[in-house]
2 protein chains.
Amino acid sequence: MIILAADSSYKDKKVITIGIVSELTGLSERQIRYYEERKLVFPDRTKGGSRRYSFADVELLVEIANKIEDGVQTFEIRQEMAKQKKRNEAEEHKKMIQGQINARFGIRKK
Amino acid sequence: MIILAADSSYKDKKVITIGIVSELTGLSERQIRYYEERKLVFPDRTKGGSRRYSFADVELLVEIANKIEDGVQTFEIRQEMAKQKKRNEAEEHKKMIQGQINARFGIRKK
DNA sequence: CGTGTAAGGAATTCTGACACG
DNA sequence: CGTGTAAGGAATTCTGACACG
């Protein structure tokens, strides 16, 4: 079976330190670390233990902060994200199955 | 006159520390700093004075290192880059002029 | 010329905790 | 619950210099 890496382009590379993330988002380092504690973001770590974020993480952090400002609690946000993830996975699975069908029987539209 | 920002997307944002750049490129920090000393790359700086590179910088650094491996000297690389920059600017200028002509007299092909 | 390295200092980040509410 | 802060330490980065060639 073939796994397609989700286009590891610039957006998903974990290369940004927390200080820069703080600048980019306007969030405090405290907030950023707390959202990780609540399992909402998952930065990489260097050997030394420093966090490294991707641009995708940066955008996610902004969304999280907006929701919290709207009174949504972190555990609710986590649930939303889990649901969204399931929907995405189901969609992926559907596409993959269809891809296998097409591979065997040829692609035909409609 | 309208200036088009060169699509400040992920690729050109200066957000990567020298340690990560070193990992991404395989170059030593010494090399990376030296290429800056020779005016080949221009990272941003934080208030504290730390360097911040973009993905575009990362790719440029790899190209630079390859040329040096081929025996090209840094001042030659700088000259090449200056020439390339002039060509690009001339091309930009041409497009801009054509854009103004099109704006006044309408766009017509051929 | 291009790169390695040891040196000393400054900036950055880390964790765990106390505080407020 | 979400966030600020002071505390102490560790990791990261900086510059200028000496070395080799």
Side-chain angles (χ1 to χ4, degrees), chain A residues 13-82, chain B residues 13-82:
Chain A
K13 282 238 171 184
K14 309 253 185 182
V15 296
I16 314 178
T17 59
I18 195 168
I20 300 287
V21 172
S22 176
E23 280 185 24
L24 293 175
T25 61
L27 303 177
S28 69
E29 300 187 7
R30 180 67 165 98
Q31 287 175 298
I32 298 168
R33 293 197 188 99
Y34 180 67
Y35 300 158
E36 177 182 4
E37 188 182 322
R38 301 314 311 275
K39 309 286 183 198
L40 299 178
V41 267
F42 307 93
D44 277 359
R45 298 276 184 153
T46 60
K47 314 94 213 174
S50 299
R51 277 167 264 251
R52 296 296 134 116
Y53 299 85
S54 66
F55 282 108
D57 290 331
V58 168
E59 295 181 5
L60 178 58
L61 282 165
V62 171
E63 289 178 34
I64 292 169
N66 285 336
K67 288 182 184 173
I68 288 180
E69 256 189 321
D70 293 345
V72 186
Q73 294 195 314
T74 54
F75 85 92
E76 299 176 284
I77 299 175
R78 196 180 328 123
Q79 288 176 339
E80 288 176 23
M81 288 173 53
Chain B
K13 283 239 172 184
K14 309 255 185 180
V15 297
I16 314 176
T17 59
I18 195 167
I20 300 287
V21 172
S22 176
E23 279 185 25
L24 294 176
T25 62
L27 304 176
S28 69
E29 299 188 6
R30 180 67 166 101
Q31 288 175 298
I32 297 168
R33 293 196 188 99
Y34 180 67
Y35 301 158
E36 177 182 6
E37 188 182 323
R38 301 316 309 276
K39 309 290 184 196
L40 299 177
V41 267
F42 306 93
D44 277 358
R45 296 275 184 154
T46 59
K47 317 92 211 176
S50 298
R51 277 166 265 250
R52 295 297 133 117
Y53 299 85
S54 67
F55 282 109
D57 290 332
V58 169
E59 295 181 5
L60 178 57
L61 281 165
V62 172
E63 289 178 34
I64 292 169
N66 285 336
K67 288 182 184 173
I68 288 180
E69 259 190 321
D70 293 345
V72 187
Q73 295 195 311
T74 53
F75 84 93
E76 300 177 284
I77 299 175
R78 195 179 328 121
Q79 289 176 339
E80 288 176 25
M81 287 173 55

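Residue numbering restarts at 1 for every chain, and letters A, B, ... go by the order of the sequence lines. Note that the coordinates shown come from a computational prediction; the quantities given were computed from them, not determined experimentally.
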Taking atom [atom2] of [N] as reference, at what distance in whole Å does atom [atom1] of [X] sit?
X	N	atom1	atom2	value
B:Arg30	C:dT5	CZ	C1'	9 Å
B:Leu61	C:dT3	CG	C1'	15 Å
A:Ile32	D:dG2	CD1	C1'	14 Å
A:Asp70	D:dG2	CG	P	13 Å
A:Ile68	D:dG4	CD1	P	11 Å
A:Tyr53	C:dT13	OH	C1'	10 Å
A:Arg51	C:dC14	CZ	P	4 Å
B:Ile16	C:dT12	CD1	P	17 Å

**Asked** Any side-chain N or O of B:Thr17 under 4.0 Å from OP1/OP2 of C:dT12?
**Response**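 No, no such contact exists.
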Let me have the donor-acceptor pairs involving side chains of residues 53-64 of chain B, under 3.5 Å, with sequence neighbours excluded, atom names and distances please.
{"from": "B:Ser54", "atom 1": "OG", "to": "B:Ala56", "atom 2": "N", "distance (Å)": "3.3"}
{"from": "B:Ser54", "atom 1": "OG", "to": "B:Asp57", "atom 2": "N", "distance (Å)": "3.0"}
{"from": "B:Ser54", "atom 1": "OG", "to": "B:Asp57", "atom 2": "OD2", "distance (Å)": "3.2"}
{"from": "B:Asp57", "atom 1": "OD1", "to": "B:Lys14", "atom 2": "NZ", "distance (Å)": "3.4"}
{"from": "B:Asp57", "atom 1": "OD2", "to": "B:Lys14", "atom 2": "NZ", "distance (Å)": "2.9"}
{"from": "B:Asp57", "atom 1": "OD2", "to": "B:Ser54", "atom 2": "N", "distance (Å)": "3.0"}
{"from": "B:Glu59", "atom 1": "OE1", "to": "B:Lys11", "atom 2": "NZ", "distance (Å)": "3.4"}
{"from": "B:Glu59", "atom 1": "OE2", "to": "A:Tyr10", "atom 2": "OH", "distance (Å)": "2.4"}

**Asked** Among residues 33-46 of chain A, which contact DNA chain D at a heavy-atom distance under 4.0 Å?
**Response**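 Here the set is A:Tyr34, A:Tyr35, A:Arg38, A:Thr46.
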Heavy-atom side-chain contact between [X] and [Y] under 4.5 Å:
X	Y	result
A:Tyr35	A:Ile77	no
A:Gln31	A:Thr25	no
B:Arg52	B:Ile16	no
B:Arg51	B:Arg33	yes

**Message:** So which atom in A:Leu27 and which in A:Ser22 form the shortest heavy-atom distance, rounded to 0.1 Å?
**Reply:**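 So the two residues come closest at O-OG, 2.6 Å.
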**Which atom of B:Glu29 lies closest to which atom of B:Gly19, heavy atoms considered** =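 For B:Glu29 and B:Gly19, the tightest heavy-atom pair comes out as OE2-CA, 3.8 Å.
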**Asked** What stems, by residue range, does DNA chain D take part in, given at least 3 consecutive Watson-Crick or G-U pairs under 3.5 Å?
**Response**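 Counting only runs of 3 or more consecutive pairs, the stems involving DNA chain D are C:2-5 with D:17-20, C:17-20 with D:2-5.
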**Message:** If you assign A:Ser50 and A:Gln73 each to the DNA chain D nucleotide with the nearest heavy atom, which residue ends up on the more 5' nucleotide?
**Reply:**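 Between the two, 5'-proximity favours A:Gln73.
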**Residue whose nearest DNA chain C nucleotide is more 5′ - B:Gln31 or B:Gly48** =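 The answer here is B:Gln31.
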**Request:** Just compare C:dC14, D:dG2, C:dT3 and give me whichever is closest to any side-chain atom of A:Ile18.
**Result:**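 Of C:dC14, D:dG2, C:dT3, C:dC14 is nearest to the side chain of A:Ile18.
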